[in-house]
Amino acid sequence: AGLGGGPERDTFLLGAVTSLSGDLRFGGGVTQRGYDMWADTINREQGGIEIGGDTYEVEVEYADAQSNPSAGADAASQMINDGADALLGPYSSNVTLSVCPIAEQNSMPHITGSAESPQIWQEGYEYSFGTIPTVSIIGNEATSALLNLEPQPESVYVTGVNEPFSEATAVSMRTAAEDAGVTVENYELFPRDTDYTNVVSAAQNADPDLHLHGGHIGSHVDLVSASEQLGYTPNGFLMHYGVNTGSYKDGSGAQAPYTFGATVWIPSVDRSGGVLFDSPQAYADAAEAAYGSAPDYTQAGSTAAGIVYQEALTELNAAPPLSQDDKDELIGILEEIEVNTFYGDVTFEVGGEYHHNNINTQTLLIQLGEDGSPTIVGPEDAATGEANYPVPAWDER
Amino acid sequence: MSDATDGADATGSGSGRTRDANAVPTLSATGVEAGYDQHQVLHGISFESRDGVTCIFGPNGSGKSTFLKTLNGIVPVWDGTITYGDIDLTGEKPEDIVTHGIATLPQGGGIFASLSVEENLDVGAFTVDDADAIADRKAEVLEVFPALEDKLDQKARDLSGGQQMMVSLGRAMMTGADTFLLDEPSAGLAPRLVDDAFGLIERLVDRGAQVVLIEQNVRAALRLADYVYILAEGEVQFHGPPEDLSEEDELMELYLGL
Amino acid sequence: MSASAPVIGRLPGDQRYWFAAIAVLLLAWPFLFGSFWARIGLGALMWIGLAQSWNMIGGYAGYLDFGHGAYFGIGGFAAGIAMVQFGYPFVVGFALAIVVAAVLAYLVAVPTLRLTGAYFAIATWALAESLKQAALILEITGGTFGLSLPRSPDTFIGIAVPFAISETFFYYVMLVLCTATMLLTYYLFERHEFGYRVKALRDDQDAAESLGIDTTRVKRQVYVLSCVVAATFGSVYAWYIVFIHPNDVLAPIITDRMVIMALLGGLGTLTGPIFGGLLVFLLQRLSSVFLGSSTFYLPLIGVLIMVTVLFAPSGIIGILRGEVGRDDVRKNLKELGEKFDLL
Amino acid sequence: MTDRDTILKTTDLTKRFGALTANDEISLAVERGEIRGIIGPNGSGKTTFFNTVTGFYEPDGGTVHFDGEEVTGWEPHRLARRGLGRTFQIVSPFKNMTVRQNMLAVQTDDGRSREEKRDRVGEILEFLEIDHIADNEARGMSGGQQKLLELGRVLMLDPDVVMLDEPAAGVNPALESRIMDHIHELNDDGTTFVVIEHDMHVMKTLADTVSVFDSGRHIAQGDFEEVSQDEAVREAYLGGTTAEDDEVPV
Amino acid sequence: MVDIGLFTQIVINGLLLGGIYVTIGVGFSLAFGVLEVVDFAVGEYVMVGAFMGAVLAPLFGAEGVFVIPIVLVVFFAVGALIQPLIHHVTTGDRPHPLLMGLVFTFGLATFLRGGVLTIFGPNSQDVPSSLLTGGIAVPGLGTFPVVRTVTAVFGVSGLVVFMYYLYRTRGGMAIRAIAEDRTNARLMGININRYQSIAYGAYAALTGSAGVFIGMTFNASPGMGLQYTAFAFFMVVLAGMGYLPGVIIAGVVLGLTQSFTAVYISGNAVLLVLFAIIYVVLLVSPAGILGKGEWAT
Ligand SMILES: Nc1ncnc2c1ncn2[C@@H]1O[C@H](COP(=O)(O)OP(=O)(O)OP(=O)(O)O)[C@@H](O)[C@H]1O
Ligand SMILES: Nc1ncnc2c1ncn2[C@@H]1O[C@H](COP(=O)(O)OP(=O)(O)OP(=O)(O)O)[C@@H](O)[C@H]1O
Ligand SMILES: [Mg+2]
Ligand SMILES: [Mg+2]
């Protein structure tokens with residue numbers, strides 16, 4: 001251990017900033033489970049990370065971002081103060097955008113497993129990386145897959161909530177539709193707390209084949225409730241983020257089935273696996289056993305972030321605590337890395353539009369079944385089932 | 001004990017009742033100490049109401065209103081007792097004291113500004129259940145204060161200061177009480193109305209009610225007084241029939257400006 | 001409390017020693033505990049200053065400004081826009097924040113200060129919400145995507161900054177700003193006749209007017225002043241936090257916090273906001289450190305607020321001044337008990 | 001009287017509240033140095049007249065002249081600093097301030113230093129005999145003490161004209177005569193007074209001239225004796241009582 | 001070009017949305033205007049009501065409607081017990097009674113929001129109902145969503161009941177007298193604790209059950225309260241403080257403004273227009289749209 005590395009220790013200390021309280025607590029909790037899955041598994045199965053013949057356990061220390069950027073920045077600083085070797089990032093783009101500068105200022109490696117806004121990567125931060133592809137890609141690819149279903153849709157109606165992630169999602173959906181030559185009847189943003197009957201009435205009046213919506217779970221719930229109440233039934237709804245979460249099912253109850261959604265990973269996806277977990281299903285089973293609920297792609301992406309660190313640290317081959325030089329070298333390794341995981345192949349773009357974002361993992365179009373469980377219905381090469389399309393009208397369910 | 005219904009009979013009959021047949025209990029205080037927070041205002045007041053009008057005079061800030069508020073329960077008593085006939089009022093709540101037949105006209109009137117004049121009168125009769133008694137009393141109030149007749153539907157706040165005082169007095173009458181605690185009923189009234197106010201007090205007395213009257217209009221009040229207390233600095237400086245006052249030149253000068 | 005009472009409760013010994021000790025601690029703070037605690041310190045200083053800025057209009061003048069947080073956001077965006085959209089250094093942004101806040105506050109003051117009590121509270125709330133919504137739509141504010149400010153230059157008006165643009169640097173900036181706010185409040189509201197005028201209009205506007213006090217003008221002065229103070233904190237915050245978004249810096253919770261801090265501390269007092277600000281900020285920020293990962297601190301704060309209001313109506317400052325003794329609590333409990341007589 | 005000049009004058013001053021005309025073309029002139037009484041039944045528009053003159057109400061017609069200058073529509077604080085002071089029928093102390101602070105809050109244009117102002121506060125409080133409670137909060141004062149504070153505050157303006165709205169209402173006779181003495185004393189020093197009062201004893205002792213209001217109109221003016229003999233005034237206002245009725249039935 | 005079908009549907013949407021606001025505004029107007037309690041907890045009562053719907057409905061055959069009587073009773077009782085606390089902090093020799101009430105209820109709101117968040121987590125919960133589903137299509141007009149229509153009827157009925165109580169009964173008169181002057185009300189023989197508790201309990205009961213309806217219309221989530229607190233305040237401002245009938249007008253204005261802005265101007269501008277209107281109404285006519293409000297501060 002060199003200069004500035006803090007006290008001697010025989011573990012790798014990863015400082016995780018995430019929202020454990022506040023509005024984003026749900027996502028924060030998912031992130032936390034993802035990071036813990038990695039740390040617990042590697043410590044249990046391999047005794048930690050092997051460096052020069054010795055194994056060093058991995059320790060993840062959490063600091064609460066309280067769903068608020070300034071508390072997030074403080075939390076990151078707290079972790080750095082505590083001598084963390086590297087940072088695991090928070091949930092949500094706003095908090096991430098205030099944590100990245102702290103990583104930058106302190107030359108601290110930072111991988112986030114759960115922030116999707118393109119803004120983060122467009123800023124060109126040197127010390128921050130992300131395992132989940134930006135939503136610009138996810139939204140775009142999911143929409144393209146949906147537009148390929150038969151009968152081919154001719155028109156779409158795009159809506160989104162006016163916050164950064166949701167707007168980026170809606171934009172990517174619109175772009176995909178335009179690129180596919182489909183008519184975009186309308187593109188409309190609105191505040192989260194608005195009433196959705198008006199959105200639905202306007203959409204109903206336009207009578208599109210598909211309704212595409214960017215937002216968080218609560219907004220999806222409001223959208224389907226209002227649609228049910230007004231009897232608005234396009235051939236399908238595509239909504240991102242989170243239709244395959246328990247939260248969406250709890251919130252929308254009987255209206256959940258048949259909704260289309262986007263993801264980059266679900267347990268039934270066919271991926272080879274490798275480090276730590278043999279397959280997506282193996283990961284899902286382990287997570288189910290540990291937390292009693294099925295993991296979604298945010299959790300998987302967070303675990304993948306840990307795996308990436310594990311591989312990079314092994315390659316760095318420096319015992320903890322890391323010196324500043326070690327950390328700078330780690331950045332170089334991360335830029336080059338290629339890891340094959342249960343989550344998919346992870347590599348980070350260098351330069352380009354989404355600097356340090358893993359844009360490699362394939363996007364999946366999913367649809368919820370009668371029981372609310374997701375099936376991959378697109379793109380064709382990844383599909384594990386047939387889409388129920390067009391979806392039945394509300395009163396025919 | 002005389003409850004509200006007794007009062008209703010008395011006013012309802014319009015004939016008044018003789019004091020001897022149904023004497024109003026004596027309201028009395030023994031060694032009352034009271035104040036606000038840490039600040040003691042009353043230092044051992046002993047007091048007894050008499051038939052007719054018992055006047056309380058004294059300089060501003062001497063504790064007259066405070067004492068009145070111990071009688072009606074608004075200000076808690078620190079020490080001493082207050083009784084009404086056989087009933088111990090010490091520590092009773094104002095809303096319960098009213099039901100024994102003790103009505104108050106607070107200093108300044110205390111009308112309910114956004115209620116109509118009629119509603120103000122109705123609130124006065126809150127403890128009365130008998131609709132006929134209420135109607136009779138209302139008629140009587142309007143007889144005393146004809147100026148209120150065509151203002152019944154107006155909000156009380158739209159009345160002038162003097163008119164508001166009439167409403168307050170009328171409202172006190174509505175309770176049908178036998179004992180009235182009046183805190184400066186003539187303040188702010190035009191001379192004509194001062195006459196009316198004192199006329200009303202006389203009427204109450206004629207009907208057998210007993211009145212405890214705080215007044216700064218000493219001259220007019222003395223004309224009605226059956227007994228006088230003078231308070232200064234929270235203590236009783238003098239009490240006796242008004243006739244005895246004339247012998248107390250110093251008191252008269254100091255506290256009454258006479 | 002008479003006018004000559006000590007400003008900080010009843011401290012043993014000579015007040016000067018206390019002040020000196022506190023001053024030394026404040027000056028040495030970032031070097032004593034490192035960068036994280038410097039951040040906590042600067043956060044606390046910022047919130048104390050913000051609570052005091054609210055106290056000027058809300059406590060001293062008695063106008064419940066429920067849109068005060070907007071000026072924090074306006075300060076932030078003014079500085080951010082100057083730096084991002086026009087490439088000016090921070091000082092220009094800071095000056096712009098003051099000017100924009102002052103002008104806007106004046107324009108708002110003219111019609112809005114005619115309202116009183118809850119009307120004023122709701123009007124300012126609605127206005128602040130409109131500003132937030134506007135910031136979400138406008139392009140210059142970055143709209144939905146917010147603004148990322150330029151990162152950490154090492155010079156300040158061309159001069160090399162001693163601690164670069166680090167926590168330590170911002171700590172001292174906040175310390176200066178917060179101290180200036182406290183001194184300004186002390187001088188204007190506690191020592192100057194201006195303070196009497198402000199309190200007079202709070203108690204009875206008509207009477208104040210009849211005694212030669214131009215209440216309209218005094219109100220506007222206090223409002224503009226308090227808004228400008230909030231804006232200065234906002235501008236420094238934006239520079240420090242680097243990324244600002246309408247949902248964060250224009251959030252209604254910012255106002256709510258200022259109000260709660262001023263009230264818990266002691267309304268219309270010089271030192272109340274210090275205690276209220278410290279308590280609420282530290283409870284919120286350090287709850288995760290002490291309570292672990294839970295939302296339990298929220299109901300806790302809720303109960304704390306309720307209990308304080310029930311038993312220490314003059315706030316923490318009242319407790320410190322010994323206004324809330326055991327007897328008072330007992331008396332309070334007894335009175336409270338009487339109010340439960342419902343049948 | 002003719003050689004004295006007019007300091008306060010209203011011409012056809014009118015104020016309406018909806019359908020009600022509370023002040024109906026009131027023309028009234030107050031001479032410098034006099035004590036003018038205003039009487040009239042409750043609701044006849046006396047307080048409204050004060051409010052309109054001192055700028056609290058916007059008049060619906062007519063003008064106000066003060067000390068040779070038209071001041072119609074001036075804001076109250078400007079008039080106050082110009083030398084027109086007033087009190088309120090319902091006392092309005094600054095409850096959360098001490099008596100002394102109540103006095104110090106008064107704002108004038110005369111450039112007095114802080115010390116001078118403090119000294120003046122001391123003088124006035126002593127004059128009114130409430131200096132012993134100077135550092136008490138106003139909320140705890142009795143009604144009468146509040147009346148004195150109200151008077152004290154307005155004196156801090158060093159006003160040329162003081163308009164008093166029922167200064168004696170609710171005031172103990174001993175204190176009442178003290179207030180009257182104060183008024184006389186100040187009047188001797190040149191302060192002009194306009195006093196609304198229902199106490200005819202006070203009116204008789206104080207007023208040089210009495211103006212009578214009824215239903216919003218200025219119906220009569222003259223010295224107290226004249227006015228109190230006036231049949232219309234007796235009918236509308238005085239009723240059976242007169243100030244002569246002084247004897248005490250003891 | 002205005003599409004008539006869309007236009008009428010937007011009017012329906014706006015009116016029914018207004019109906020939802022009426023359910024919150026009625027009780028709040030009573031608390032605000034009559035009890036002079038500036039109650040920051042109003043939105044959290046809605047939230048807790050919605051959560052009671054989510055938790056209890058499964059016990060009643062997954063039917064939120066059946067939960068309403070329980071919510072009415074529970075909220076009335078809890079409200080009646082909270083009122084003495086509020087009364088305590090807004091009286092006595094406290095220097096800023098209005099503020100004290102406001103801060104106390106702010107603490108209460110934080111407690112309720114944090115408590116529900118801690119117990120149930122941050123997720124939205126469905127408040128199921130099989131009776132109030134779908135919409136009724138009226139040819140030529142548009143679709144009336146059943147749950148929203150029933151909610152609006154509930155709100156308006158609540159208003160009528162409150163009005164009747166307040167202006168036609170002795171208890172109502174007592175409450176109005178208390179609002180004016182508590183001490184003098186006691187001198188009239190009114191047990192102010194009882195009547196204030198009745199009023200506050202009634203407000204809490206109505207608001208809590210509004211929460212169940214809102215839960216059925218949307219869903220229940222721990223963070224939903226703030227939004228309704230804001231709307232409750234805006235409702236009384238537009239209605240005119242303390243002027244109960246104004247609540248209907250306020251609901252109509254708020255609802256229609258929202259739906260027309262959303263469709264004919266821009267979804268993004270909805271809240272901007274809404275807040276701006278409230279600000280302007282306050283400046284131009286503080287006593288509400290009809291100018292009938294009154295509230296002594
Ligand atoms: N609510 C209160 N809080 C604190 N002190 C009070 C309060 N009310 C009255 N006091 C004080 O108690 C004392 C007695 O006041 P009280 O009102 O009883 O006098 P009073 O004899 O009725 O005078 P007045 O003739 O002016 O009405 C005064 O010194 C007054 O300052
Ligand atoms: N702000 C107001 N709004 C409506 N009407 C008012 C207002 N102020 C006064 N009035 C009405 O104007 C009339 C005159 O009131 P004013 O207060 O001037 O009477 P006053 O002569 O001072 O009576 P008093 O001797 O009782 O004080 C009354 O009928 C009163 O109801
Ligand atoms: Mg008194
Ligand atoms: Mg008057």
Side-chain angles (χ1 to χ4, degrees), chain B residues 36-37 39 41 57-66 107-108 147 151 158-166 183-184 186-196 198-199 214-220 222-225 228 232 241-248 252-258, chain D residues 17-18 20 22 39-48 89-91 130 133 136 139-148 165-166 168-178 180 196-201 203 214 228 233-243 245-250:
Chain B
Y36 305 92
D37 284 332
H39 170 55
V41 174
F57 301 133
N60 296 111
S62 57
K64 304 182 297 296
S65 300
T66 307
Q107 189 165 8
K151 301 214 179 255
D158 289 340
L159 270 53
S160 81
Q163 293 160 344
Q164 294 184 4
M165 190 57 77
M166 299 178 211
D183 198 346
E184 306 199 20
S186 77
L189 292 194
R192 263 191 79 134
L193 293 169
V194 173
D195 291 351
D196 290 349
F198 283 103
I214 296 179
E215 256 304 334
Q216 297 293 6
N217 193 341
V218 175
R219 289 182 191 84
L222 276 176
R223 266 183 239 125
L224 294 179
V228 173
E243 297 80 35
D244 293 358
L245 248 186
S246 48
E247 285 138 43
E248 306 273 350
M252 300 262 289
E253 163 112 34
L254 216 85
Y255 299 125
L256 306 182
L258 296 176
Chain D
F17 296 112
L20 175 86
I39 61 173
N42 296 112
S44 57
K46 305 181 294 296
T47 300
T48 304
Q89 181 169 0
I90 295 161
V91 285
I130 45 173
I133 49 165
N136 292 5
R139 60 165 67 245
M141 299 170 86
S142 82
Q145 290 167 335
Q146 293 186 1
K147 286 254 169 195
L148 288 173
D165 199 346
E166 305 201 16
V171 169
N172 174 262
L175 179 59
E176 177 182 300
S177 60
R178 246 169 59 212
M180 285 197 285
I196 298 177
E197 187 51 69
H198 285 305
D199 185 332
M200 288 307 104
H201 175 71
M203 243 333 129
D214 188 29
S228 56
V233 175
R234 297 187 73 97
E235 172 65 26
Y237 182 58
L238 294 174
T241 325
T242 66
D245 220 357
D246 246 351
E247 89 294 356
V248 178
V250 288

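We name chains A, B, ... by the order of the sequence lines, and we start the count at 1 in each one. Excluded from the calculations below are hydrogen atoms, water molecules and symmetry mates; all remaining heavy atoms, backbone and side chain alike, are included.
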Interface moiety of Ile214(B) toward chain D, non-hydrogen atoms closer than 4.5 Å: neither
Any donor-acceptor N/O pair, Asn172(D) side chain to Gly58(B) backbone, under 3.5 Å: yes
Nearest-0.5 Å distance, [atom1] of residue [X] to [atom2] of residue [Y]:
X	Y	atom1	atom2	value
Asn217(B)	His198(D)	CG	NE2	12.5 Å
Leu20(D)	Asp158(B)	CG	CG	9.0 Å
Asn42(D)	Leu159(B)	CG	CG	10.0 Å

ring-ring contact (aromatic ring centres under 6.0 Å, His included) partners for Phe17(D), two or more places apart: Tyr57(D)
Nearest atoms (heavy-atom pairs only) where Asn60(B) meets Gln145(D): CB-N, 4.4 Å
For the student: nearest non-hydrogen atoms of Pro41(D) and Ala190(B), plus distance: CA-CB, 4.0 Å
Winner by heavy-atom pair count (cut-off under 4.5 Å) against chain D, out of Met165(B), Gln164(B), Glu184(B): Glu184(B)
